[in-house]
Amino acid sequence: MLDVNQVRADFPILQQEMYPGVPLVFLDSAASSQKPTAVLQAMEHYYRALNANVHRGVYRISEEATHAFELARQKVANFINAPDAAQIIFVRNATEGFNLVAYSWGEANIQAGDEILLTEMEHHANLVPWQMLAQRKGAVVRYLPFTPDGLLDLSNLDELLTERTKLFSFTAVSNVFGTINPARRLIAAAKAVGAVTMVDAAQSAPHMVVNVQELDCDFLAFSGHKMCGPTGIGILYGKRHLLEAMPPFMGGGDMIRRVTLEGATWNDIPWKFEAGTPAIAEGIGLGAAVDYLTNLGMDNVHAYEQFLTSYALEALSEVPGLKVWGPPAAQKGGVAAFTLDNLHPHDIAELLDKDGIAVRAGHHCAMPLHKKLGLSATTRASFYVHTTTAEIDALVASLQRVRAVFRL
Ligand code: PLP
């Protein structure tokens with residue numbers, strides 16, 4: 001088990017008070033996580049000691065910056081067990097990973113009448129790029145439904161996943177229900193009909209072991225900022241033969257081998273997909289985040305969050321009128337999206353903030369999911385390596401005060 005007090009000492013922001021005598025209780029890691037000192041120091045070190053563009057200079061600090069940046073790529077490859085660092089494309093965030101595949105792979109491989117299968121619990125990042133692609137191509141988007149418990153309903157999988165399906169893209173962990181989806185089973189089913197697979201790992205890579213070779217997915221995307229790293233850097237993993245066959249997404253410096261006034265030829269992967277000066281400090285910061293999480297141990301991270309989730313669901317069940325959406329703790333990551341009677345989630349979140357508690361209120365970029373539940377919004381508390389049971393108790397006590405304020 002993690003030593004949470006030791007972990008908390010690594011996150012300087014947690015030492016802050018929101019109001020005099022009221023400490024920050026940060027329960028919004030699913031939106032963006034806090035950063036440990038090691039990540040802040042790695043980025044500061046780059047700017048103080050190595051700041052230079054990468055892949056270009058022949059002078060010492062440029063070479064050192066290039067080495068640090070490419071080492072970060074190797075660290076990410078190891079983190080998700082990618083066969084080769086060349087299969088790790090640095091993008092801005094998970095969203096850009098989906099857009100890159102939707103344009104680069106999608107333009108070349110999707111035809112009119114083809115089907116793209118998604119699920120009803122997707123984040124907009126894994127919905128809108130495919131809807132846009134389908135519109136451009138005259139393709140059809142279909143959706144795997146979820147059950148009232150927030151689990152994927154696999155009873156009609158055979159009807160939805162057919163030889164017409166060219167791509168199946170789904171989230172490994174829902175950012176609203178917290179559902180841990182059966183990724184390996186879904187990928188195997190997609191392979192059986194010859195569909196290409198893409199996994200949204202935005203909510204899994206920060207919280208559990210992700211092994212792309214074991215999953216056997218074709219593409220996988222996640223964001224640095226949800227896993228202790230900085231904003232502005234994300235990862236797209238792809239199988240080598242697919243990445244090599246794909247045309248570039250954007251043109252510019254670094255992604256070319258040779259340019260003439262008549263045209264250009266492309267660099268090797270991964271650089272073929274990284275036009276222009278990359279997010280260097282952010283890449284190095286992500287490398288430090290990967291080191292940090294690896295030192296904690298992703299199995300320990302997952303086990304601790306499972307413990308917290310069970311604790312939280314039990315504690316929240318004491319609040320009358322409160323419903324947590326999604327499956328029971330055993331099938332769920334560290335996310336509790338809830339409603340409290342018919343109070344507006346924004347009112348709840350504002351009152352929680354008075355007690356220093358940061359939660360997210362809204363549709364969490366999953367409008368179709370909320371629509372199916374007949375809701376416009378939920379309040380979401382999400383947990384990470386620094387969350388304590390005392391913070392969950394503080395959330396529950398504050399929710400009891402919210403009930404009192406509204407005379408429930
Ligand atoms: N997918 C899921 C499941 C998410 O939770 C998020 C972010 O909330 C994203 C994709 C998109 O991440 P980003 O906004 O960093 O691109």
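Heads up: numbering here begins at 1 and tracks the sequence. Just follow the structure's listing: the first ligand is 1, and inside any ligand the first atom is 1.
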Centroid-to-centroid, F146 to F177, below 6.0 Å? yes

For D291, all residues meeting salt bridge (Lys or Arg N to Asp or Glu O under 4.0 Å), sequence neighbours excluded: K75

Hey, are K372 and E120 close enough for a salt bridge, meaning a charged N less than 4.0 Å from a carboxylate O? yes

One thing to verify: whether R184 and D216 come together as a salt bridge, which I'm taking to mean a side-chain N less than 4.0 angstrom from a carboxylate O. no

Give the ring-plane orientation class for W271 versus H55, where under 30° counts as parallel, over 60° as perpendicular and anything between as tilted. perpendicular

Tell me the residues surrounding ligand 1, counting only those with a heavy atom closer than 4.0 angstrom, sorted by chain and number. N93, A94, T95, H123, A125, T171, N175, D200, A202, Q203, S223, H225, K226

Assess whether a salt bridge exists between K272 and E244, defined as any Lys/Arg side-chain N lying under 4.0 Å from an Asp/Glu carboxylate O. no

